[in-house]
*Asks:* 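Below is a structure I'd like to ask you about.
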Amino acid sequence: WSSPNGTSWTQVLSSAPWTGRTGHTSVSFDGRIWVIGGRDPWARNDVWCSEDGVIWTEKTASAPWSPRGWHASVVFDDKIWVLGGLSDEMENDVWYSSDGTSWSMATASADWSPRLGLTAVAHAGKMWVIGGNPSREAVNDVWCSTDGVRWTRVTEHAGWAGREDHASVVHDGSIWVIEHEVWRSTDGVEWTQTASANPWGSVR
């Protein structure tokens, strides 16, 4: 589906060639929409792209990173990055690609703990990893990196409670974390709650 304003929506395709799935990620890169991994219910490591949402091309049926869902993806340094998630076990590896077909590993074990349900954004010349669930309890740590190899923990406990499967986005010079409330930060350390309630209610 697509919309120019968030109000009026048009279905551009009723059944894409990639399988129905959950826990996948999507980014905008190189003038295309990308769909990356997920579960259908089997974990996948395929990568698809489209210029218009109608015609889709499978860039690879089997990327070198293990099949997974509930990972994070972000565009940074003119590359697509895949971070962490759940395959046969929790992951904290980091991969990148400039074309969606050929992938390189930045690190097999990042400094942040293996986790699922994390989010990632690009902000202030760095990649950021935000929250997620390493085991049985979601965390509220924030990490950043300029190369995907060396990671710095900017805060162990952000102002928002630990969470997974949330949304994070960069807007107006800030990182925003959105779940059932809304928080923003310019540096990943100091967070301000901008809304304690929202019109869409709880997402769980």
Side-chain angles (χ1 to χ4, degrees), residues 1-3 10-110 112 114-130 132 143-151 165-171 175:
W1 293 75
S2 69
S3 173
T10 301
Q11 186 181 55
V12 297
L13 191 63
S14 61
S15 182
W18 35 270
T19 56
R21 60 190 63 192
T22 187
H24 54 292
T25 56
S26 189
V27 297
S28 176
F29 174 72
D30 192 30
R32 300 175 175 91
I33 307 164
W34 297 75
V35 169
I36 304 166
R39 301 184 71 94
D40 66 357
W42 306 110
R44 298 292 180 185
N45 56 349
D46 53 352
V47 179
W48 296 77
C49 69
S50 174
E51 293 183 2
D52 58 7
V54 178
I55 300 172
W56 290 85
T57 301
E58 187 177 47
K59 301 297 286 185
T60 180
S62 182
W65 36 269
S66 58
R68 66 190 62 192
W70 300 286
H71 48 291
S73 295
V74 65
V75 173
F76 173 74
D77 191 28
D78 293 323
K79 303 175 183 70
I80 303 172
W81 296 74
V82 168
L83 309 95
L86 176 65
S87 56
D88 291 332
E89 58 186 9
M90 300 283 193
E91 303 287 355
N92 63 341
D93 52 351
V94 178
W95 295 77
Y96 63 90
S97 174
S98 59
D99 60 9
T101 302
S102 300
W103 291 82
S104 299
M105 180 190 291
T107 180
S109 181
W112 37 270
R115 62 189 64 187
L116 60 78
L118 66 164
T119 58
V121 298
H123 171 68
K126 301 171 184 176
M127 274 188 296
W128 301 73
V129 162
I130 303 165
W143 298 75
C144 68
S145 174
T146 58
D147 59 8
V149 179
R150 294 170 292 274
W151 291 84
D165 299 332
H166 50 290
S168 297
V169 67
V170 172
H171 170 70
I175 303 170

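Being a predicted model, the structure only gives us computed values, none of them experimental.
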*Asks:* Determine whether a donor-acceptor pair (N or O, by modelled atom type, separation under 3.5 Å) exists between the side chain of Trp70 and the backbone of Asp165.
*Replies:*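 Such a contact is absent between Trp70 side chain and Asp165 backbone.
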*Asks:* Between His71 and Leu83, is there a side-chain heavy-atom distance shorter than 4.5 Å?
*Replies:*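 Leu83 vs His71: side chains apart.
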*Asks:* Of all residues at least two apart in sequence or in a different chain, which pass the salt bridge (charged side-chain N to carboxylate O under 4.0 Å, His left out) check with Glu58?
*Replies:*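 Per chain and number, Glu58 pairs via salt bridge (charged side-chain N to carboxylate O under 4.0 Å, His left out) with no residue.
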*Asks:* If every non-hydrogen atom of Ala61 is compared with every non-hydrogen atom of Asn45, which pair is closest and at what distance?
*Replies:*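 It is O-OD1, 3.6 Å.
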*Asks:* Start with the C-alpha gap between Val74 and Val27, add the side-chain angles, then the distance that decides, and say whether side chain to side chain contact (heavy atoms under 4.5 Å, CB included) holds.
*Replies:* CA-CA 7 Å; Val74 65; Val27 297; 5.7 Å; no
*Asks:* Evaluate the side-chain proximity of Val82 to Ile36: yes if any heavy-atom separation is below 4.5 Å, no if none is.
*Replies:*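 A side-chain contact under 4.5 Å exists here.
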*Asks:* Taking atom OG of Ser87 and atom CZ of Arg39, what is their separation to the nearest 0.5 Å?
*Replies:*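 If we round to the nearest 0.5 Å, Ser87:OG and Arg39:CZ are 9.0 Å apart.
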*Asks:* Quick one: OG on Ser109 to CD on Glu91, what's the gap to the nearest 0.5 Å?
*Replies:*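 Rounded to the nearest 0.5 Å, the OG-CD separation comes out at 10.0 Å.
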*Asks:* With a 4.5 Å limit on heavy-atom distance, are the side chains of Thr10 and Trp1 in contact?
*Replies:*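 Side chain of Thr10 against side chain of Trp1, heavy atoms only: no contact under 4.5 Å found.
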*Asks:* Verify whether the ring centers belonging to Trp65 and Trp103 lie closer than 6.0 Å.
*Replies:*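 Judged by ring-centre distance (under 6.0 Å), Trp65 and Trp103 do meet the cut-off.
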*Asks:* What distance separates Ser50 OG from Ile33 CD1, expressed to the nearest 0.5 Å?
*Replies:*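 Those atoms lie 5.5 Å apart.
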*Asks:* Is there side-chain contact between Val94 and Met105, with heavy atoms separated by less than 4.5 Å?
*Replies:*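 Not touching, per the 4.5 Å side-chain cut-off.
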*Asks:* About how many Å separate CE of Met127 and OG of Ser145, when rounded to the nearest 0.5 Å?
*Replies:*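 Answer rounded to 0.5 Å: 5.0 Å.
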*Asks:* Please find the pair of heavy atoms, one from Ser26 and one from Val35, that lie closest to each other, and give the distance.
*Replies:*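 Shortest heavy-atom contact: OG-CG2, 4.5 Å.
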*Asks:* Taking the side chain as every heavy atom from C-beta outward, state whether Tyr96 and Ile80 have any atom pair closer than 4.5 Å.
*Replies:*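 A side-chain contact is absent here, since even the closest heavy-atom pair is not under 4.5 Å.
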*Asks:* If every non-hydrogen atom of Gly148 is compared with every non-hydrogen atom of Ala106, which pair is closest and at what distance?
*Replies:*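 Nearest pair, atom of Gly148 first, then Ala106: O-CB, 3.7 Å.
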*Asks:* Return the CG to CG distance between Asp147 and Asp77, rounded to the nearest 0.5 Å.
*Replies:*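 The distance works out to 9.5 Å.
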*Asks:* Look only at the side chain of Trp56 and the backbone of Gly53, and say whether a donor-acceptor pair between them is shorter than 3.5 Å.
*Replies:*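 Indeed, once roles are kept as given, a pair shorter than 3.5 Å links the two residues.
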*Asks:* For Lys126, does its backbone N or O pair with a side-chain atom of Thr146 as donor and acceptor, under 3.5 Å?
*Replies:*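 Between the backbone of Lys126 and the side chain of Thr146 there is no qualifying donor-acceptor contact (under 3.5 Å).
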*Asks:* Are any side-chain N or O atoms of Arg115 and backbone N or O atoms of Asn92, one a donor and one an acceptor, separated by less than 3.5 Å?
*Replies:*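 Checked: no pair found.
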*Asks:* Can you name the side chain to side chain donor-acceptor pair (under 3.5 Å) partners of Trp48, sequence neighbours left out?
*Replies:*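 Only Asp46 meet the side chain to side chain donor-acceptor pair (under 3.5 Å) criterion with Trp48.
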*Asks:* Of all the heavy-atom pairs spanning Asp99 and Lys59, show the shortest one and how long it is.
*Replies:*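 Looking at all heavy atoms of both residues, the closest pair is O-CE, 3.2 Å.
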*Asks:* Return a table of donor-acceptor pairs under 3.5 angstrom between the side chains of residues 13-20 and protein atoms on other chains or two or more places apart.
*Replies:*
| residue | atom | partner | partner atom | Å |
| --- | --- | --- | --- | --- |
| Thr19 | OG1 | Arg21 | NH2 | 2.9 |
| Thr19 | OG1 | Asp40 | OD2 | 2.6 |

*Asks:* Please answer whether the main-chain N or O of Ile130 pairs with a side-chain N or O of His166 as donor and acceptor at a distance below 3.5 Å.
*Replies:*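 Such a contact is found between His166 side chain and Ile130 backbone.
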*Asks:* Which value, rounded to the nearest 0.5 Å, describes the distance between Trp151 atom CH2 and Trp112 atom CH2?
*Replies:*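 Reported value, rounded in 0.5 Å steps: 6.5 Å.
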*Asks:* Under a 4.5 Å cut-off applied to non-hydrogen side-chain atoms, are Pro64 and Trp95 in contact?
*Replies:*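 The answer is yes, as the side chains (C-beta and beyond) meet within the 4.5 Å cut-off.
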*Asks:* Hey, mind stepping through Arg68 and Leu86 against side chain to side chain contact (heavy atoms under 4.5 Å, CB included) and telling me if it holds?
*Replies:* CA-CA 5 Å; Arg68 66 190 62 192; Leu86 176 65; 5.8 Å; no
*Asks:* Applying the side chain to side chain contact (heavy atoms under 4.5 Å, CB included) criterion to Trp34, which one of Ser73, Cys49, Ser97 satisfies it?
*Replies:*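 Result: among Ser73, Cys49, Ser97, Cys49 is the only option passing the side chain to side chain contact (heavy atoms under 4.5 Å, CB included) with Trp34.
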*Asks:* Considering all heavy atoms of both residues, which atom of Thr119 and which atom of Ser168 are nearest to each other, and what is their separation?
*Replies:*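 Looking at all heavy atoms of both residues, the closest pair is OG1-OG, 2.7 Å.
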